[in-house]
There are 2 protein chains.
Amino acid sequence: MTATPFPVSEIVASRRPHRKDAARNYDALLTAAREAFAEHGAEASLEDIARRAGVGIGTLYRNFPTRRDLFETVYADEVNALCRAAVEVADREPWQALTSWLNRFTGYMVTKRAVREALDDESDIFMACRESMYAAGGPLLERAQKAGVARADMDFGDLLRMVAGITATAFEDDAQRDRVLAIALDGVRTGR
Amino acid sequence: MTATPFPVSEIVASRRPHRKDAARNYDALLTAAREAFAEHGAEASLEDIARRAGVGIGTLYRNFPTRRDLFETVYADEVNALCRAAVEVADREPWQALTSWLNRFTGYMVTKRAVREALDDESDIFMACRESMYAAGGPLLERAQKAGVARADMDFGDLLRMVAGITATAFEDDAQRDRVLAIALDGVRTGR
DNA sequence: ACTCTAACGGAGGCACCCCTCCGGTTCAAC
DNA sequence: GTTGAACCGGAGGGGTGCCTCCGTTAGAGT
C-alpha cells in the first residue's frame, strides 16, 4: 500500500521522528496511550502513559507538546486503520460487507469514546477524520441501500451513531452484545 | 405513596439524618452529586461537590464516608424514581407504555453511566437496583410480547442495554437521536 | 432559657498529576 | 573515530484532590 487514499494517514507519519531511538519511543508512546485511553478514558495520566511506554515524561512532552496532540495522533492512527478495513471488505455481498466493516468499527470505538471527551467536535483533525471515515464507510451503506437490503430513510451518520452507542455499552458477555446489535441492525435491514 | 414496593427506596431514606440542618445538607449534597456526576462522570471531585452544595468537605464525609456510599445513594435515588415511573405508564397501550417508560429511562442513564465506571457490577446495592428495575420495567416488555407487538426472542436486559447504549451517545441533535432510537426499536417491534 | 450532643467546616498532611528545564547520552554523518 | 545535534530522563515547582481531625456552632429535648 504505497498510496494513501485518505488524508488522515499523513498525520501520524508526519510526526514520527527520523532517528531510530526516537522513532521507537514514539511508537511505544502511541501504543501506551491507546491502551491508557481505552482503560481510563480521556482522564488518563500522561505520566502513567510515559511509564507504560518505558520512557521519561520529558520524552512524551517532546513528541506531543499538549495532551491534545497525543489524542489527535492516536485517533488519526485508528481512523486510518478503519479506512483500510473498508477497502478489504469491498468484494463481499452488500449486507455482509457493511456488517463486517461495522464489526471492525466496534474496536475503534474504544478509542473514539475517550477522544470525544477530550476533543472538540469542531476540531480540524476531528473533522478530517470524520470525512475520511465517511468516505470509506459511506459507500458500503449506499451499496446496501441500492441493493434494497438496507432502509433508505437513514444516512451513514445515523447508522454509525447507532452502532457506536451499542458497542460502547457494557454487556454481560460478547454473545449478548452481538445479539443486541443484530436486533438493532434488523431495524436497518429491509426485505426481512 | 406510603408503601415502598421496591426495596431500593429504603436506602436513601435510611441514611437521611433527622436534624433539620443536617437533612438540608444531605439533600443539597445529593443534588450537587447528581449534577457533578452527570457533568464529569465518576471522576467528579468530592471537594467540588461539597462546594456546590455549599457545605464543608467534612460534612460530605460524615454523610458519605466513602465515594462509593455517595454513588450508591445517588444511584438508588434515581432507580427509585424510575420504578415509580413504570407504575404511571401502566394504563397505556402495551407498545406505548413500553416506549414511554424507555424514554424516562433515557434521563436516568446520565447518572447510570457514571456509576458503571465506579461501582462493581457485583455490588449488593447495584444488584438490588437491577432487580428493582427489572421488576418495574420487565412486565412492560412482557406485556408487549404477549400482545404480539414485540419480538419474543429477546429479554428485558437486552432491551435495556440497547436503549442505554444509544441514548448515552452524542448526537447532532435530539431529532437524530429519536430517529436512530426509533430505527433500533423497529428491530424490536413485530407486526410492522 | 439551658444544656449537651450531634453536626459543622476547613486547615493540614499526603499523594498524584501537570509541565518545564537542563545536564547527560546516543545516534548518524563525516 | 570524532563530533555535534538531536534526544533522553527525571528532578522540581505549582496545583488539585483525598481524607482526618478537632475547635466551634446550633438544633432538640427539658
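In the text below, chain A, chain B and the rest are named by the order of the sequence lines, each starting its count at 1.
Checking side-chain atoms of A:Arg177 against main-chain N and O of A:Thr167 turns up no donor-acceptor pair under 3.5 Å. Of the possible polar contacts, none joining the B:Glu39 side chain to the B:Ala44 backbone as a donor-acceptor pair under 3.5 Å is found. Proximity of a side-chain donor or acceptor of B:Arg34 to a complementary backbone N or O of B:Glu78 within less than 3.5 Å is not detected. Side-chain atoms of A:Asp27 never come within 3.5 Å of backbone atoms of A:Arg24 as a donor-acceptor pair (strictly under, hydrogens ignored).
Across the protein-nucleic acid pair, B:Leu60 atom CG and C:dG9 atom P stand 11 Å apart, rounded to whole Å. One can place CD of B:Glu47 at 16 Å from P of C:dC16, the figure rounded to the nearest angstrom. Computed from coordinates, the A:Asp69 CG to C:dC19 C1' distance equals 14 Å when rounded to whole Å. At whole-Å resolution of the value, CZ in A:Phe71 and P in C:dC18 are 11 Å apart. Between the CD1 atom of A:Ile49 and the C1' atom of C:dC17 there is a distance of 12 Å, given to the nearest Å.
When each of A:Asp48 and A:Pro65 is assigned the nucleotide of DNA chain C bearing its nearest heavy atom, the one mapping closer to the 5' terminus is A:Asp48. The 5' end of DNA chain D is approached more closely, in terms of each residue's nearest nucleotide, by A:Gly58 than by the other of B:Ile57 and A:Gly58. Residue whose closest nucleotide on DNA chain D sits further toward the 5' end, between B:Thr66 and B:Lys20: B:Thr66.
An angle of 20°, rounded to 10°, separates the two end axes of the helix from C:dA1-D:dT30 to C:dC30-D:dG1, each defined over five pairs.
For the atom pair A:Thr111 OG1 and A:Asp77 CG, the distance stands at 9.0 Å (nearest 0.5 Å). The CG atom of A:Leu82 lies 6.5 Å from the CE atom of A:Met133; values are rounded to the nearest 0.5 Å.
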Set out, line by line, the N/O atom pairs under 3.5 Å between protein and nucleotides 4-8 of chain C.
from  : atom 1 : to      : atom 2 : distance (Å)
C:dA6 : N3     : B:Arg19 : NH1    : 3.0
C:dC8 : OP1    : B:Asn25 : ND2    : 2.5
C:dC8 : OP2    : B:Arg62 : NH1    : 2.3

Exercise for the section: Decide side-chain contact (heavy atoms from CB on, under 4.5 Å) for A:Phe171 and A:Leu181; before the verdict, give the C-alpha distance in whole Å, the side-chain angles of both, and the deciding distance to 0.1 Å. Expected result: CA-CA 11 Å; A:Phe171 288 97; A:Leu181 191 55; over 6 Å; no
Practice task
Step by step, work out the salt bridge (Lys or Arg N to Asp or Glu O under 4.0 Å) result for B:Asp186 and B:Arg189.
Solution key: CA-CA 5 Å; B:Asp186 259 9; B:Arg189 197 170 196 173; 5.5 Å; no
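Ring pair A:Phe37/A:Phe71 is parallel by interplanar angle, where below 30° counts as parallel and above 60° as perpendicular. Note: A:Tyr75 and A:Phe126 have parallel aromatic rings, judged against thresholds of 30 and 60 degrees for the angle between ring planes.
Remark: of the listed residues A:Val149, A:Leu102, A:Leu159, A:Val163, A:Leu159 is the sole one forming a side-chain contact (heavy atoms from CB on, under 4.5 Å) with A:Val188.
Extent of DNA chain D lying under 4.0 Å from chain B heavy atoms, first and last nucleotide in 5' to 3' order, is D:dG17 to D:dA28.
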